[in-house]
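One structure is given here, and the rest of the page talks about it.
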2 protein chains.
Amino acid sequence: MRDGLATVPLFVAVPHYDGAVTEPKEPEGAAPAGPVKKHARDGKPNATIYDIAKVAGVNPSTVSRALSKPGRVSAKTQKLIEDAAAELNYQVNPFARALPTGRTSTFGLIVADITNPTFFDIIRGAETTATARDYTLVLAESAESAATELTAARRMMATVDGLILASPRMDDDNIRALARDKPVVVINREVDGVPCVVPDVNKGISEAVRSLAANGHQKVAFVAGPPQSWMSARRWEGVQAACEWSRLEAVRLESSKPTVDGGRQVARDVRASGATAVLTYNDLLAIGLMQELQAAGVVVPDQISIVGFDDIFGADFTTPPLTTVRSPLGECGSGAAALLLDLLHRDLSHGDLPLGAGEPAAILRVETELVLRGSSGRLLPAG
Amino acid sequence: MRDGLATVPLFVAVPHYDGAVTEPKEPEGAAPAGPVKKHARDGKPNATIYDIAKVAGVNPSTVSRALSKPGRVSAKTQKLIEDAAAELNYQVNPFARALPTGRTSTFGLIVADITNPTFFDIIRGAETTATARDYTLVLAESAESAATELTAARRMMATVDGLILASPRMDDDNIRALARDKPVVVINREVDGVPCVVPDVNKGISEAVRSLAANGHQKVAFVAGPPQSWMSARRWEGVQAACEWSRLEAVRLESSKPTVDGGRQVARDVRASGATAVLTYNDLLAIGLMQELQAAGVVVPDQISIVGFDDIFGADFTTPPLTTVRSPLGECGSGAAALLLDLLHRDLSHGDLPLGAGEPAAILRVETELVLRGSSGRLLPAG
DNA sequence: ACTAGATTGTCAACCGGTTGCCAAAAATTG
DNA sequence: CAATTTTTGGCAACCGGTTGACAATCTAGT
């Protein structure tokens, strides 16, 4: 119903605008008589519920109810009001609504780095789900800094109904503190007591390791990500476990930073390790590593197999295209948004739920899978 | 251990909206002693200016002035109020402020496709500039549809102080209509009467074409983008002009869509054209084209040179890495944001500016440059 | 027809700042 | 020291919705 109001007048809006179109044509005649604010409320002082009330001949509060409490007013009054609203091209003033209710129909998403392709699909997933449910997404970037992240989060808390933290850098306690204030959902990390969306790395990793084992590899290196990364730890655990299961040897190497450049830098360690297959914390590292190895004359995958993580945009641009353990990032984003919206609606319906009594925070696990491309394969005998 | 892992359920059920279920459960008996709203204002009922006023012993309006009108109150009252505010950990309620003033310290950015890497840097540039000036960025996606774009724009207009449209799909009149309502800045397109930020393609293109000419190429193909794309038209014009100047032959080819896939599809036309060098509307096309040509055994750049546009993320992942005409996308984003903020502040300072009398809408042109990588170079004699 | 009960609409008090107007207080001047 | 100007703080009316309490109206039951 409400939506109908917002979207139906799409075409009604045309008359609304073309009145103004004629305006500029006017200067021909006389000098602009009255000074006109450029972006003002002069032409169309956005209709209010009071205007509607006047047109429909009812009380403003009745208008308010007709527009937000379905069934609270009689069918005919409802129609009367809706017609008036349509006629006046009414749209609610979100601020006026937010003031007394605290609800803003908005939620925040904080990512570590807007230009990191890992987040693209997360952002899109969240945005799509939000929009579909008539929520607005506000985006902020933490520039990979825990402090900036916390600041951004605090700032947002004031204006949003809930918050999604994608791969947060701040520590668990801060996250829980935020979650105490408003619903928070975390992506790519588990935080006790806070709803999370995490890719379950095990399936993807075991597929990858099994594939490597089947191709004759015996020693696998894992290039780790940032020390404080929860995900990096999980991936290393997964690799260890899978290697154990497949009776492969696993060694861990450190990277300076989880970027293409970091991948280049770790190349010498990789070669020194003697491993014939490498899994890297993310695709960026894998790509840099592959570039550097190839530049040194190493043939991929004949001499060394490379497997990344995430399946980011561009992972298939390389030669050979990158084999990678895909996380359904878009799903993470939309899943987080959906989770958040559920929390919001729950709060709405019976907000006086005892704090401790609630069921444990939901954890949404999404599956990972191996995407087999050209950068991994059978090891060729040296020669 | 490993075994257990394999059985981890794909999705842990997301607790669903079961308000109706829990409610009846309550008759159970003694209600939980202290019913506590989960996300409530109980702990810290966000301090208001009234609280501050009480603490500081002044009138709320004085607090308001102290906090927003610098110099309007005496130094000692100021200090008194600031201390009280700090003590109470006060932060303004943005909605309460927006309601009477209409100012929201927020602006919107609408992009055609959040997952299109072209926009990544634009988004970041805008976000960074916005945040630096204490504005918040709200993001929306038009999913490449003019109608969705317009809807999103209209929806946003209600809650933002201004709007940035990146490569908008809607037509000029609609953009101007929006611009009449609130400040609007357009990226990647020129719209009469609306401030724009556009990369000036000429420098980059002439560098590219000169480089091709110097490498012995004589016939250049341009793979165009969407017919309605303003930018595509500019680029084709630029290519034509530069080719004329360098006395090269230029032919235009059409693409089905400006994506990697579109690039693959256009490969046969490219080969049929007889051109030895190709410029494509964007990098995605270039990458797809290169993949397809290479798959068919064509050696790049020995047999054909490929030059893209934009220098998107991943353009250097290819083998050979892609030569491309770089648009400073980040600059576009931050430039647009800066332009918008200027407009906002101008409106603020003397809002009663006559509509027609203002100087013509600003056009910010940013420079493009050739990024020479491996996909273009000297033509080798067939062999 | 008369009343209990359910619907539906109205009144008025918020939500938390902002701002025009005015008077008290302080500073400047004659 | 009085008269005048400038500061500074207070009062109150908004901004545009929401919502609890209550009254009016309508429906149904006997």
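Predicted model only: the values in this text are computed from it and were never measured. To find a chain, count down the sequence lines: A is the first, B the second, and so on, and within it residues start at 1.
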Distance, rounded to the nearest Å, where B:L99 contributes CG and C:dT19 contributes P
12 Å
Figure out the CG/P separation between B:L88 and C:dG16, and round it to whole Å.
14 Å
So which heavy atom on B:L165 is nearest to which on B:M170, and how close?
CD1-CE, 4.2 Å
Quick test of your reading: applying salt bridge (Lys or Arg N to Asp or Glu O under 4.0 Å), list the pairs with at least one residue in residues 59-79 of chain B, sequence neighbours left out, ordered by first then second residue.
B:K79-B:D83
According to salt bridge (Lys or Arg N to Asp or Glu O under 4.0 Å), who are the partners of A:R124, at least two apart in sequence or on a separate chain?
B:D113, B:E141
Nearest heavy-atom pair of A:I175 and A:P168: which atoms, and what distance?
CD1-CG, 3.7 Å
Please give, in whole Å, the distance from C:dT19 C1' to B:R97 CZ?
13 Å
Can a donor-acceptor pair under 3.5 Å be found between the side-chain atoms of B:R72 and the base atoms of D:dG9?
yes
Residue-phosphate contact under 4.0 Å: B:Y50 side-chain N/O, C:dC14 OP1/OP2
no
Intermediate values then yes/no, side-chain contact (heavy atoms from CB on, under 4.5 Å), A:T129 and A:L340
CA-CA 10 Å; A:T129 302; A:L340 192 53; over 6 Å; no
Calculate the interatomic distance between A:K76 atom NZ and C:dT8 atom P; express it in whole Å.
8 Å
On DNA chain C, does the nearest nucleotide to B:K69 precede the nearest nucleotide to B:A96 from the 5' side, or the other way round? Give the residue.
B:A96
Calculate the interatomic distance between A:Q78 atom CD and C:dT7 atom P; express it in whole Å.
16 Å
Helix axis bend for the helix from C:dA1-D:dT30 to C:dG30-D:dC1 - C1'-based end axes, five pairs, 10° rounding
30°
Hits for salt bridge (Lys or Arg N to Asp or Glu O under 4.0 Å) against B:R133, two or more places apart or cross-chain, chain-then-number order -> B:D342
What integer distance in Å separates B:I49:CD1 from D:dC11:C1'?
13 Å
When you measure from every atom of DNA chain C, which of residues 55-68 of chain B have a heavy atom less than 4.0 Å away?
B:S61, B:S64, B:R65, B:S68
B:T101 side chain N/O closer than 4.0 Å to the phosphate oxygens (OP1, OP2) of C:dT19?
no
Whole angstrom value for the distance that separates C1' of C:dT8 from CG of A:L80
14 Å
Given C:dC15, C:dG17, C:dT19, identify the nucleotide with an atom nearest to the side chain of B:R103.
C:dT19
Determine whether the side chains of A:S142 and A:S145 contain a donor N or O and an acceptor N or O closer than 3.5 Å.
no
Per atom distances to the A:N93 side chain, the nearest of D:dG17, C:dT8, C:dG17 is D:dG17
Atom CD1 of A:I52 to atom P of C:dT10: distance rounded to whole Å?
14 Å
Partner set under salt bridge (Lys or Arg N to Asp or Glu O under 4.0 Å) for A:R176, not counting sequence neighbours
A:D173
Heavy atoms only: give me the nearest B:A56-B:L80 pair and the separation to one decimal.
O-CD2, 3.4 Å
